[in-house]
Protein chains: 2
Amino acid sequence: STLLTRRGLATAKSPINLIDSLDTFTDRHVGPDDNETGFMLSKLGFDSMESFLAATVPPQIRIADSMISNASIPALSETELHSRAKELGQKNAQFKSYIGMGYHNAVVPPVILRNVMENPAWYTPYTPYQPEIAQGRLESLVNFQTMIMSLTSMDIANASLLDEATAAAEAMVMAYVQSNQKTKTFFVDKAVLPQTISVLKTRAKGFGIQLVIGDAADVLKHDALRADLAGVLVQYPDVNGFITDYSDFTKQVHDAGALVVVATDLLALTLLQPPGEWGADIVLGNSARFGVPAGYGGPHGAFFAVTEKLKRKMPGRLIGRSKDVTGNPAYRLALQTREQHIRREKATSNICTSQALLANMAAMYAVYHGPAGLERIAKKVHFLTQVLKSSVERLGFRVVNASSYFDTLTIDVSKHCANAEVMHAAAALLGINLRRVDHNTVGVTLDESVGQADLLSLMRAFHIAASHPEPDFTGLPAPKEPAFPQKLMRESDFLQHSVFNKHHSETEMLRYIFHLASKDLGLVHAMIPLGSCTMKLNSTSSMIPLTWPEFGGIHPFAPTEQVEGYRHIIKELEDDLCKITGFHACSVQPNSGAAGEYAGLNVIRAYHDSRGEGHRDVCLIPLSAHGTNPASAVMAGLKVVPVKTHADGNLDLEDLKAKAEKHKDNLAVFMITYPSTFGVFEDGVTDACKIIHDCGGQVYLDGANLNAQVGLTNPAVCGGDVCHLNLHKTFAIPHGGGGPGVGPICVAKHLAPFLPSHPLVKTGGSDAIDAVSAAPFGSASILLISWAYIKMLGGNGLSESTNVALLNANYMAHRLAGHYSLRFKNKNGRVAHELLIDLAEFDKSAGLKVTDFAKRLQDFGFHPPTCSWPISTCMLIEPTESETLEEIDKFCDAMIQIRKEAEDIITGKQPKDNNLLKNAPHPLSLMIASDKEWNRPYTREEAAYPMPWLREKKFWPTVSRIDDAYGDLNLICDCPSVEETASL
Amino acid sequence: STLLTRRGLATAKSPINLIDSLDTFTDRHVGPDDNETGFMLSKLGFDSMESFLAATVPPQIRIADSMISNASIPALSETELHSRAKELGQKNAQFKSYIGMGYHNAVVPPVILRNVMENPAWYTPYTPYQPEIAQGRLESLVNFQTMIMSLTSMDIANASLLDEATAAAEAMVMAYVQSNQKTKTFFVDKAVLPQTISVLKTRAKGFGIQLVIGDAADVLKHDALRADLAGVLVQYPDVNGFITDYSDFTKQVHDAGALVVVATDLLALTLLQPPGEWGADIVLGNSARFGVPAGYGGPHGAFFAVTEKLKRKMPGRLIGRSKDVTGNPAYRLALQTREQHIRREKATSNICTSQALLANMAAMYAVYHGPAGLERIAKKVHFLTQVLKSSVERLGFRVVNASSYFDTLTIDVSKHCANAEVMHAAAALLGINLRRVDHNTVGVTLDESVGQADLLSLMRAFHIAASHPEPDFTGLPAPKEPAFPQKLMRESDFLQHSVFNKHHSETEMLRYIFHLASKDLGLVHAMIPLGSCTMKLNSTSSMIPLTWPEFGGIHPFAPTEQVEGYRHIIKELEDDLCKITGFHACSVQPNSGAAGEYAGLNVIRAYHDSRGEGHRDVCLIPLSAHGTNPASAVMAGLKVVPVKTHADGNLDLEDLKAKAEKHKDNLAVFMITYPSTFGVFEDGVTDACKIIHDCGGQVYLDGANLNAQVGLTNPAVCGGDVCHLNLHKTFAIPHGGGGPGVGPICVAKHLAPFLPSHPLVKTGGSDAIDAVSAAPFGSASILLISWAYIKMLGGNGLSESTNVALLNANYMAHRLAGHYSLRFKNKNGRVAHELLIDLAEFDKSAGLKVTDFAKRLQDFGFHPPTCSWPISTCMLIEPTESETLEEIDKFCDAMIQIRKEAEDIITGKQPKDNNLLKNAPHPLSLMIASDKEWNRPYTREEAAYPMPWLREKKFWPTVSRIDDAYGDLNLICDCPSVEETASL
Ligand SMILES: Cc1ncc(COP(=O)(O)O)c(C=O)c1O
Ligand SMILES: Cc1ncc(COP(=O)(O)O)c(C=O)c1O
Ligand SMILES: O=C([O-])O
């Protein structure tokens with residue numbers, strides 16, 4: 001039987017392969033059907049896809065079609081994928097976790113689960129770089145910042161970091177930078193979470209920071225240490241449950257000229273005096289217990305808050321309240337130039353993609369519960385912990401931290417158990433996991449999910465271990481006072497802002513969630529052709545398993561034998577990624593592309609080190625590279641040496657050769673993005689790699705543009721040794737409005753031994769570097785999405801996706817030709833999967849900047865492409881394979897119309913300072929102006945409906961263009977207070 | 001430990017009951033918190049809820065608080081509900097069903113599942129009576145109508161009916177009416193679905209139609225029958241799988257002056273010649289195999305299509321394409337006066353709530369697959385059926401309908417099996433259900449969900465029964481031709497309209513779904529204070545289990561022992577509804593409120609009959625009753641005698657008494673709505689019921705207003721014998737944009753024996769009437785929602801909901817007093833759960849109609865209340881308990897502002913024909929007008945932003961006021977054709 005063409009449209013009446021599944025994902029994922037790809041090919045002058053590919057991708061790096069095909073990666077139908085995910089999910093044992101250590105069983109309010117986490121309006125948008133079409137999630141992120149500031153009592157908080165451990169690493173580096181790199185010691189209390197300590201070890205190395213782990217009480221006793229002290233990190237409450245009064249200690253550390261960094265817990269802070277009130281400089285932690293599933297380790301939004309003094313040094317994204325040009329309040333990304341990846345080799349952090357969606361979920365959770373609700377939850381958790389303590393003490397067990405605790409008890413079980421494993425076995429009988437502390441000791445952490453029946457079951461485990469009859473509550477003393485020092489009781493109010501005190505009914509919450517979503521342009525509305533970001537379909541089939549409890553409810557440190565389902569999926573994903581990249585081994589631990597770069601560079605350094613070449617520390621990076629590349633290099637302790645590019649966009653191989661040879665003895669690595677950030681497949685890539693290898697260096701391939709490679713070529717064939725993949729680009733994890741992301745690294749065989757380890761769960765190679773993320777498999781739950789994406793497309797679909805991604809971009813280049821100047825193309829006139837158009841001429845002729853074109857595109861209902869990167873006068877446009885011909889044509893029509901509008905300015909028909917582009921975008925609220933107020937040399941209709949199809953469907957920006965300078969000068973990063981709200 | 005006040009807001013610092021669950025649903029369901037209810041009570045002059053209730057509800061009908069309390073109905077937390085639903089779901093065995101008989105395993109495209117079925121933007125809106133804020137679902141319903149028209153080749157189709165069986169009943173009555181009730185015989189082919197025949201029996205009775213069941217081939221042979229023939233119903237393909245060529249037959253029936261009604265299958269029609277092409281007059285069926293889960297029987301959208309000639313007689317809602325006052329195309333409900341419930345006792349149908357959400361899902365399915373995709377699915381199903389046939393024939397089984405079939409085989413298994421049960425047992429071993437046909441015969445129906453592995457497993461069952469080794473595909477002849485007469489192959493194209501040929505990628509489909517949703521105002525946006533409709537929160541917790549496969553994937557005729565979970569939930573729901581109504585027994589079979597009325601009246605008739613009083617046929621109905629009451633009465637063969645109401649809105653007890661006594665000998669029933677449709681608790685209800693009982697009648701209580709009763713009073717205490725409940729009102733099933741609904745009836749002990757039966761699954765009492773719905777438990781899957789609602793609120797929460805519903809309405813009445821005239825209240829000045837305001841004065845003083853106020857409310861972002869019902873000059877406003885004080889205040893502020901705008905018209909400041917009300921609503925597209933085009937005596941700002949909060953949040957109508965007359969004159973009920981689209 002014959003195969004169908006895609007969607008069978010062309011061949012409805014012809015024989016079809018009737019026994020096979022019909023719900024073939026490729027048909028749904030790829031936008032254009034066979035008729036449309038045929039049309040596009042013919043417009044480009046090709047008679048087949050193969051001839052088009054031959055003109056686009058250098059022949060020397062092409063791989064055999066069979067390498068990535070349904071034979072090597074079989075395709076599952078959507079239904080089959082669903083069944084397979086169910087089957088594997090059921091191989092994750094549903095134990096109740098009391099392991100704690102920074103991970104809790106969150107109770108996700110159903111209204112947030114369904115309408116945020118499972119809602120493409122929330123999960124498909126991009127990072128809010130275009131604030132006029134992103135006011136919803138910007139508002140929510142300000143709620144997040146406010147929540148953090150209020151609960152920690154700090155002056156300012158960012159909009160999330162990747163996880164608690166990397167947040168601690170950022171804090172460590174800030175402390176070091178704050179001392180002008182004069183003091184080099186960072187002291188970490190031994191009761192800080194072990195995974196945090198592991199990540200600190202990794203990070204300390206690159207910066208040459210001296211990490212000392214010990215008892216905080218001792219830190220100031222040693223003069224030498226004190227003299228070199230940059231900062232101290234304590235955990236509050238600590239890993240064993242103790243709650244320490246650090247107020248005097250903080251003063252002493254400040255007297256020593258160092259910073260106090262506190263890792264803490266948001267729920268505990270509703271009852272405990274917040275670190276900001278006792279002088280902490282930096283406060284951080286994981287916000288996930290506020291309604292984000294454990295998900296075998298993530299993704300979770302870490303928080304990071306600092307004092308006023310430190311705010312301009314803070315890593316990560318920061319949202320500010322500002323105003324638009326008409327004076328209306330508006331949110332925006334603040335202090336963007338502060339963002340580290342913009343600073344390139346001057347950076348001290350490489351954070352870029354963060355955890356916006358998870359931060360938003362946590363913020364929504366606080367909005368829903370409000371201050372009183374959060375306090376109730378905390379009190380209940382604390383109360384149950386107190387009941388548990390009485391109950392185990394009654395059995396004769398010793399609670400090590402009886403003197404102070406919130407939700408965590410460390411219990412010496414030696415009285416009844418030969419060793420702790422006996423206790424764990426008793427717990428396992430009841431489907432319960434406890435924390436493994438040491439030979440005699442177990443840990444128990446309670447959370448919001450624990451109800452009466454759970455508590456009884458937990459008590460029963462101890463009763464079993466103590467060979468004691470059934471537990472009950474009678475006779476247990478009713479706790480009257482909190483189980484921590486009176487002095488540490490929180491006295492201050494929190495979350496008094498209106499937004500946290502009005503959306504407490506489900507109806508109101510639902511409306512708030514929908515109202516914010518209505519302001520944000522996502523993939524549910526239109527193409528988001530952001531170059532280098534690959535905003536493709538995030539299919540429902542790949543998203544559905546994510547929120548099943550089989551995957552959501554798993555603790556990252558659950559015993560390996562309980563997580564067979566997860567392990568199987570991770571293994572399959574790693575194997576498939578190795579097939580796709582041509583590499584040997586993979587680590588999914590890094591939580592973003594930038595984190596992948598950092599991990600990969602550390603692996604390379606460890607490799608050199610293992611060969612006695614630890615001195616190799618030079619990193620060559622083309623000038624066109626993304627800012628995270630030099631930032632990551634610096635963080636890994638490398639010296640960045642830039643490499644030039646030619647006027648035609650290609651790497652200057654002469655310059656590369658010269659620099660490589662110059663630094664031959666110290667050459668560690670060359671970082672290259674392929675196809676280049678200019679959107680072209682360079683012929684010279686294999687030569688370049690050879691030059692590096694000849695000089696003893698390794699090649700790091702930035703895989704952000706892998707969407708142009710899959711099935712046609714791969715980083716190994718190109719000559720690389722390591723690459724990271726942005727699963728949130730090529731492999732269809734939704735961007736979530738600025739995260740989550742996953743940046744796994746794939747490496748050649750010689751590098752496999754060095755892949756990152758984890759202190760609690762075995763990962764990585766035989767000579768593994770320390771951890772780069774808090775969780776062993778990073779943002780494990782969303783790995784499901786990429787796994788499903790690959791499994792449903794299969795090898796054929798993966799290759800076809802690449803083909804169409806290339807075709808769509810080239811068709812777009814063809815349509816825009818004559819209207820805009822394409823900056824770079826290969827010798828056959830072809831671009832890769834994205835195209836760079838240069839708008840410099842319009843600045844000269846009409847005073848129009850890239851931003852003016854971008855903002856005007858918003859009026860057409862489109863998300864603008866990547867602006868001013870990698871060249872300031874350019875736009876980088878990437879349609880991806882998921883967009884149909886119709887959508888691409890509409891986008892091109894819009895661009896061509898804007899070109900005409902620009903012509904009117906060039907010719908003087910429209911004034912340079914008052915025209916459709918300069919005044920863009922035009923929000924709805926402007927339209928109600930009278931003619932007099934309107935006062936523009938064009939009609940409202942020209943402003944709002946420049947194309948006829950906009951009358952039927954248009955996404956409206958909700959504010960006018962935002963005044964960036966004003967916002968940075970008047971930085972306000974929290975919600976309006978009640979008084980402000982009243983006066984609005 | 002003390003109890004919390006609701007949401008603990010007042011007592012955050014005071015002791016709380018820490019051991020109990022915190023995720024108490026009442027806190028989330030009820031809008032106002034304790035502070036707010038306290039405030040509202042004080043505004044009304046009450047110092048407690050109890051004193052307010054005492055002034056509102058007549059003391060003689062109050063029940064003890066303990067009757068509906070957490071003691072009688074315990075409350076589960078949201079988390080507990082989730083666990084309980086999981087546990088019960090797992091008690092539904094996941095057998096693969098091949099039972100067929102009108103129910104299939106649908107494959108729901110994930111993008112439709114998540115973004116339509118699980119999306120509150122789609123499931124919370126109301127019936128699109130306000131077309132300016134409902135263009136999205138109106139468009140989708142036109143897609144549904146178009147799909148039906150195109151696949152059946154009929155001239156016009158409605159926007160869904162309740163199920164296939166009631167659709168057949170509607171067709172039967174149409175045939176009868178079409179003959180001017182001269183011919184009374186309706187002939188049904190014996191191979192029509194048995195559940196359809198059962199429902200026809202019920203329906204025939206009331207109209208005095210003579211139902212003859214036999215072989216269609218014989219119908220015209222009997223002259224007497226032929227002479228009295230109103231219509232014939234055939235099934236195509238029939239229940240046994242046969243596909244008959246009815247073209248000659250149809251001609252002959254027409255010659256006999258009767259109508260041909262065809263029950264058919266949409267998927268089969270992609271391959272078969274459609275009934276419209278061979279002359280059918282009415283074509284109907286179930287659309288659910290187009291992507292709607294089986295759900296143990298429903299809800300499913302039935303379809304109904306007729307010839308041009310019959311269009312104005314067609315029951316159900318019909319959507320038409322029309323235009324707005326500015327000439328823009330716009331959709332609307334067409335021919336509304338044709339709707340039967342408007343015609344009251346002249347009606348021949350009572351259909352009101354239908355199955356909009358399910359019709360929309362089916363339409364979206366067709367949009368997603370398109371004509372070629374649908375044909376592919378049909379071909380595959382047919383192909384696999386052919387393979388199965390060869391395979392069972394090879395084993396020696398006899399396929400009874402070997403001569404013609406599409407997806408269904410009837411197989412005589414006597415060759416290998418002592419009886420059919422042996423075959424069923426073999427199938428059960430493999431988790432397979434077959435249809436039970438008779439002693440020697442089983443039935444097998446295939447569907448889209450059947451893949452290769454399923455087919456093998458099914459073949460294996462026959463191999464086991466035949467004691468034959470493992471099955472395989474080798475050696476089976478590859479089918480070359482379809483297995484039905486060549487003449488019946490479909491030649492005509494279908495679904496050529498643009499909408500069915502462009503949204504085939506998931507991205508495009510997603511955008512289409514979101515685009516349509518963006519035009520519709522739902523509970524996700526604002527209050528929908530529709531009197532008599534109880535638009536309360538549809539909580540996520542209650543919606544989540546619905547789409548679990550444990551509930552979605554169950555065939556309604558699955559063996560009872562496989563559906564323990566469903567049975568348990570249905571039993572608990574019935575028990576709770578009996579507790580709530582004070583009645584003895586319950587049937588959940590009716591699929592809407594009106595269907596409940598009809599079922600209840602039939603039960604009453606059966607009761608009278610059983611006592612030898614079958615002649616009782618008079619039904620007293622107050623003039624204020626909903627139109628479905630008289631319509632249902634007439635359908636049950638009753639004579640309607642209207643009863644007057646007093647000027648104060650109360651029932652005229654004198655008139656009631658006089659009429660009851662006048663008709664004493666023939667009095668069957670009195671139908672009453674309580675609280676009355678005027679929104680007041682009448683004191684006289686118990687007296688009224690006594691009058692009726694004294695005259696030998698029964699009392700039917702229309703429970704549409706039960707939201708004012710739960711926990712305070714009940715229909716039994718009021719004196720009723722039967723009531724229906726609208727689960728889609730009081731018990732929180734979402735309205736889905738015009739259905740689904742559920743209208744269970746609860747009855748007193750003496751009526752319990754007569755509750756409806758079902759031909760395939762035992763339901764109802766010992767003297768049961770025939771079925772009223774196709775499925776034994778009606779729209780079984782959504783019963784979960786009401787079950788969850790009741791279980792999560794518990795008795796206390798149910799009562800509190802009622803209290804707050806009453807309070808919210810009374811507070812609203814208080815706020816509107818002085819601005820609008822309240823039409824009715826009780827002697828203490830109190831209304832019930834809704835209020836009726838009379839706008840008649842504005843017609844006199846300013847020429848303003850109710851509609852003008854309603855349309856103007858749209859400009860304020862609100863859904864208008866119920867208009868011109870039950871009194872033409874009035875608005876009936878019902879806020880429900882789920883709305884917060886803030887939302888209620890905003891609504892009242894809007895109403896008061898509109899009152900001011902009306903004043904300007906009264907005083908002549910604004911002209912009567914060109915003002916804010918007459919021109920309302922003001923869609924966004926109007927705003928871009930220049931001053932000259934604008935040309936109105938008010939500003940755009942006054943039009944669009946009459947209240948300051950609208951600047952932050954406003955829902956915009958997408959079209960101007962719709963021209964109703966134009967639409968009815970120029971009836972167009974399908975999508976634009978490709979040519980029309982091109983010319984738009
Ligand atoms: C070329 C390139 N490299 C690296 C990154 C960093 O990836 P991430 O944002 O996941 O940290 C990006 C992000 O857009 C990129 O475009
Ligand atoms: C008083 C009353 N009775 C009966 C009905 C009919 O119910 P349904 O629409 O569910 O058929 C309604 C519907 O609005 C109603 O308000
Ligand atoms: O996120 C980026 O900076 O591309």
Side-chain angles (χ1 to χ4, degrees), chain A residues 7-9 12 16 18-19 21-23 28-31 33 78-79 107 110-111 114-115 118 120 371-373 375-377 379-380 383 451-452 502 504-508 510-511 514-515 523-525 537 539-541 544 882-884 886 924-925 927-928 930-931 939-941 944-945 951 953, chain B residues 7-9 12 16 18-19 21-23 28-31 33 78-79 107 110-111 114-115 118 120 371-373 375-377 379-380 383 451-452 502 504-508 510-511 514-515 523-525 537 539-541 544 882-884 886 924-925 927-928 930-931 939-941 944-945 951 953:
Chain A
R7 294 198 205 110
L9 294 179
I16 52 177
L18 288 166
I19 200 88
S21 302
L22 292 179
D23 53 343
R28 303 304 190 177
H29 172 70
V30 175
D33 63 25
E78 296 194 51
T79 309
V107 176
V111 65
R114 169 160 285 188
N115 300 293
E118 297 181 341
E375 192 175 326
R376 263 167 79 187
I377 293 167
K379 280 185 172 164
K380 175 170 176 179
F383 176 88
Q452 264 193 59
K502 59 189 293 194
H504 298 164
S505 76
E506 183 171 335
T507 299
E508 283 301 326
L510 179 67
R511 289 183 192 152
F514 267 77
H515 175 53
L523 286 176
V524 300
H525 300 106
L537 171 69
S539 77
T540 317
S541 282
I544 283 178
S882 295
E883 296 301 335
T884 56
E886 182 176 352
L924 208 155
S925 54
M927 297 297 133
I928 63 159
S930 68
D931 283 7
T939 65
R940 293 173 193 77
E941 185 162 2
Y945 298 125
R951 291 199 169 262
K953 179 178 168 188
Chain B
R7 294 200 203 110
L9 295 178
I16 50 176
L18 288 166
I19 200 86
S21 304
L22 292 180
D23 54 342
R28 302 304 190 179
H29 172 71
V30 175
D33 64 23
E78 296 193 51
T79 309
V107 176
V111 65
R114 169 161 284 188
N115 299 296
E118 298 182 341
E375 191 176 327
R376 262 168 79 187
I377 293 167
K379 280 186 172 162
K380 174 170 176 177
F383 176 87
Q452 262 193 63
K502 59 189 291 196
H504 297 166
S505 77
E506 182 171 335
T507 299
E508 282 302 325
L510 180 68
R511 289 182 192 153
F514 267 77
H515 175 53
L523 286 176
V524 301
H525 300 106
L537 170 70
S539 77
T540 318
S541 283
I544 283 177
S882 294
E883 296 301 334
T884 56
E886 183 176 350
L924 211 154
S925 53
M927 298 296 135
I928 63 157
S930 68
D931 283 6
T939 64
R940 293 172 192 76
E941 183 162 5
Y945 297 127
R951 290 199 168 261
K953 181 178 166 187

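Just so we're on the same page: letters track the sequence lines, and every chain starts at 1.
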Where [X] and [Y] come nearest, the two heavy atoms and their spacing:
{"X": "A:P110", "Y": "B:E78", "value": "CG-OE1, 3.5 Å"}
{"X": "A:S505", "Y": "B:S882", "value": "OG-O, 4.5 Å"}
{"X": "B:D931", "Y": "A:R940", "value": "OD1-NH2, 3.9 Å"}
{"X": "B:T884", "Y": "A:E508", "value": "OG1-OE2, 3.1 Å"}
{"X": "A:S925", "Y": "B:Y945", "value": "CA-OH, 3.8 Å"}

Select one option (side chain, backbone, both, neither) describing which atoms of [X] are under 4.5 Å from chain B's heavy atoms.
{"X": "A:T939", "answer": "neither"}
{"X": "A:H525", "answer": "backbone"}
{"X": "A:E118", "answer": "both"}

Test item: side-chain donor near acceptor, A:E506 and B:S539, under 3.5 Å: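 No, because no side-chain N or O of A:E506 sits under 3.5 Å from a partner of the opposite role on B:S539.
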Any residue meeting side-chain hydrogen bond (donor to acceptor under 3.5 Å, both in side chains) with B:E941, in chain and number order, not counting sequence neighbours: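 Scan of B:E941 (side-chain hydrogen bond (donor to acceptor under 3.5 Å, both in side chains), adjacent residues dropped) gives B:R951.
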Heavy-atom pairs under 4.5 Å with chain A: which of B:L924, B:V111, B:T79, B:L523 has the most?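 That would be B:L924.
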How long is the straight-line distance from CZ of B:R114 back to OG1 of A:T540, given to the nearest 0.5 Å?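 The OG1 atom of A:T540 sits 6.5 Å away from the CZ atom of B:R114.
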Let me confirm one number: the CG-CD1 distance from A:D23 to B:I377, rounded to the nearest 0.5 Å.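 It is 8.5 Å, given to the nearest 0.5 Å.
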Should A:H504 and B:R28 count as side-chain neighbours, where that means a heavy-atom distance under 4.5 Å?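 Side-chain contact under 4.5 Å: yes.
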Between A:R511, A:M927, A:E886, the one whose heavy-atom pairs under 4.5 Å with chain B are most numerous: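 Highest number of heavy-atom pairs under 4.5 Å: A:R511.
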By a 4.5 Å heavy-atom criterion (distance strictly below it), what part of B:S930 contacts chain A: side chain, backbone, both, or neither?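 Both the backbone and the side chain of B:S930 come within 4.5 Å of chain A.
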With sequence neighbours excluded, residues passing salt bridge (Lys or Arg N to Asp or Glu O under 4.0 Å) with A:K953: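 Listed in chain order: nothing, the list is empty.
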